[in-house]
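One structure is given below, encoded as structure tokens.
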Amino acid sequence: MTAALLSITVRALLNRRRTLLLALVGVLLVVVAALFRLSAPGDDEANRFALRLLGNFGLGVVLPLVAVIVGTAALGSELDDGTIVYLLAKPVARWRIIAVKFLVTWLVTSLLVAPAVFIAGVVTNGDTTLALGFAVAALVGGLEYAAIFLALSLITSRALIIGLAYVVVWEGVVAGLFEATRGFSVRQHALAVAEALGGDGANGVGELGIGFALAVTAVVTALAIGLAVRRLQEVELRGETA
Amino acid sequence: MSDIRLEAVSRWYGNVVAVNDVTFDVGAGITGLLGPNGAGKTTLLHMMAGFLAPSAGSVKLDDTPTWRHPDLYRSVGFVPEREAVYPFLTGRAFVNASARLHGIEDAAAATDRAIGMVALEAAAGRAIGGYSKGMRQRVKVAAALVHDPPVLILDEPFNGMDPRQRLHMMDMLRRMAAEGRTILFSSHILEEVERLSDRVLVVVAGRLAASGDFRRIRRLMTDRPHSFTVRSSDDRALARELLADATVEAVELHDGTLTVRTGDYGALTRAIAPAAQRARASLLELRPADESLESVFSYLVRR
């Protein structure tokens, strides 16, 4: 039964033009990297640019943007148009539905972001260790984002708007201004991973210890998934006129 | 052996009461849930199908509350009113996915059987996005039937169907009921309910207005006072003749409109032509003044 759920979810996501457009955001990352390379920079400059491009734009913009759109659509689009009834009217444990939706969100997000991050990194300065570190960071950050946005889509019907606001306000501004909030910034968790795996080129890019970052990632992901399961168990379907 | 039991069930959304203290049992056979739009039919069906929690009272399938018991869907098929079905799937893929989500071992065979039951073989290979309303309705029914459930709940199943599809669906539901299943469907069309169901539940404004054998309810509905608007070449003469007829309760001539009230629908329609003849008036128009379903329902509620 999991396979059927998986295939419907993947097809629903890939069938949306929005999802396909998202692939272009990843392409943009690579294009910016290529343009930079064409300006024939020096080694130091290339490394600084790679950190900014992959850290700020890749992990800070592309990853959350893709995750919020995919994550809020994975279950949210079915809640919106009422097709969720065909899932709910089945003797399938609700945690299983969430597990599949989470997995698909993460896989699709990863597929759209991680390769683009890796290629952009390699193109910028040829440092494959750095590029790989950031790509893995995108995979780890994707887990946390996928869980958060999936849960959000079960809490509010305006999940996409609220999710985008969260990305811009919390991840973009607040977490940059106050040190105390950085422990709860998904981008900082991902940057810690990039620093740990990215070799010498990634030194100093993160501000959190890797152990702490991974622990918070695990806890937030688990809590968000637990919340999503709970919400799905209690989701109520009203008639169109109600 | 599958009964849906509602006991003192109410459901409100904020300040709005959608269902108000409703108690009934639905057993094997076909039961029609009749009521005007907005009467609370969908709210009732969704509570029975476990998609809504009752605000008060209990909704059970046999002895298990329907809310938060997804295992019950092994024995319940639900056909929602909303038309949205995954547009990118073919009819067959949709029914097949349902079969697999139900954990049916031979999903392909179950899919073929369900598609055959709704006679959708010809269109099964096409994407649902291109289906007509009637085809969508049938593919939804096929998906709800694929696990051969003893209980089938259908929300406005005849919406958008042409007369031939409607007859076919009625035959199918009758067949399934004859096999001992519990079938409950909602409709706002009197005639559909009359033709199909053994038992009727009439809901108006969230309350159960009447329940039981359809013939009894039909009698309640036809025996109520009826009003007709009449137009003729000589309304005054016709009014005089009509008043002499025992079946007529009241005659009103107001602003050039003749309104006749009777307690016996059939007798009046038989009496009016002879009356016109006696009055030497030509009958131009005879029109029921209040035959909308809403007026029938509101009469039932006032009783």
Side-chain angles (χ1 to χ4, degrees), chain A residues 1-20 73-101 103-104 108 154 157 226 228-242, chain B residues 11 13 16 18-19 37-47 49-53 67-89 93-104 107 127-129 140 143-144 146-147 149 153 155-156 186:
Chain A
M1 55 181 79
T2 308
L5 191 53
L6 208 71
S7 92
I8 290 185
T9 307
V10 170
R11 292 188 63 176
L13 279 175
L14 296 186
N15 202 51
R16 290 161 67 94
R17 196 166 302 155
R18 211 183 263 174
T19 312
L20 297 179
L75 200 55
S77 60
E78 282 170 292
L79 282 162
D80 275 351
D81 66 14
T83 47
I84 189 77
V85 67
Y86 299 111
L87 279 191
L88 292 182
K90 301 292 186 296
V92 178
R94 294 342 187 193
W95 66 262
R96 196 186 285 268
I97 296 179
I98 293 295
V100 171
K101 296 288 181 183
L103 193 69
V104 171
V108 171
L154 280 153
S157 56
V229 172
R230 220 189 128 78
R231 293 289 301 191
L232 189 66
Q233 283 167 341
E234 288 173 354
V235 73
E236 291 198 322
L237 301 182
R238 301 178 179 193
E240 263 168 307
T241 46
Chain B
R11 169 70 209 208
Y13 303 108
V16 182
V19 167
N37 287 327
K41 300 191 296 290
T42 296
T43 300
L44 274 170
L45 292 182
H46 277 200
M47 284 194 285
F51 299 132
L52 273 176
W67 178 239
R68 292 199 66 166
H69 278 90
D71 275 346
L72 284 183
Y73 296 117
R74 287 184 206 290
S75 44
V76 177
F78 179 73
V79 180
E81 182 185 10
R82 285 182 80 154
E83 245 181 71
V85 186
Y86 305 101
F88 49 87
L89 291 181
F94 175 58
V95 178
N96 189 265
S98 266
R100 283 154 69 200
L101 286 169
H102 272 293
I104 297 173
I128 296 174
K140 276 154 58 181
V146 75
H147 58 302
I153 299 174
D155 198 353
E156 296 278 356
S186 72

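Protein chains get the first letters and strands the later ones, always in sequence-line order, with residue 1 at the start of each.
Under the 30°/60° scheme for interplanar angles, the aromatic rings of B/F94 and A/Y86 are found to stand perpendicular.
Without hydrogens or angle criteria, A/E236 side chain to B/A53 main chain gives a donor-acceptor distance under 3.5 Å.
The two residues A/I8 and B/Y86 have their closest heavy-atom pair at CG2-CE2, 3.8 Å. Shown here for B/H102 and A/P91, the closest heavy-atom pair between the two residues is ND1-CD, 3.1 Å. The two residues B/Y13 and A/R238 have their closest heavy-atom pair at CD2-CZ, 3.1 Å. Taking each heavy atom of B/F51 and A/L88 in turn, the nearest pair found is CE2-CB, 3.9 Å. In this structure, B/L101 and A/V92 approach most closely via the heavy-atom pair O-CG2, 3.4 Å.
The part of B/F78 that comes within reach of chain A is its side chain, from C-beta onward, which places non-hydrogen atoms under 4.5 angstrom from that chain. Only the side chain of B/H46 comes within contact range of chain A, with at least one heavy atom under 4.5 Å from a heavy atom of that chain. Contact of B/A97 with chain A is made through backbone and side chain together, with heavy-atom distances under 4.5 Å. For A/A93, no part lies under 4.5 angstrom from a heavy atom of chain B.
Inter-residue side-chain proximity for B/P70 and A/K90 is flagged as unmet; no heavy-atom pair is nearer than 4.5 Å. Residues A/R94 and B/R68 form no side-chain contact, since every pair of their non-hydrogen atoms from C-beta on lies 4.5 Å or further apart.
Residue pairs meeting the salt bridge (Lys or Arg N to Asp or Glu O under 4.0 Å) criterion with at least one member in residues 75-84 of chain A, sequence neighbours excluded, are A/E78-A/K101.
Put simply, CZ on B/R100 and CG on A/L6 are 9.5 Å apart, with the number rounded to the nearest 0.5 Å. Remark: B/T43 OG1 to A/L237 CG distance equals 11.5 Å, nearest 0.5 Å.
Heavy-atom pairs under 4.5 Å with chain A peak, among B/P80, B/A49, B/G103, B/G77, at B/P80.
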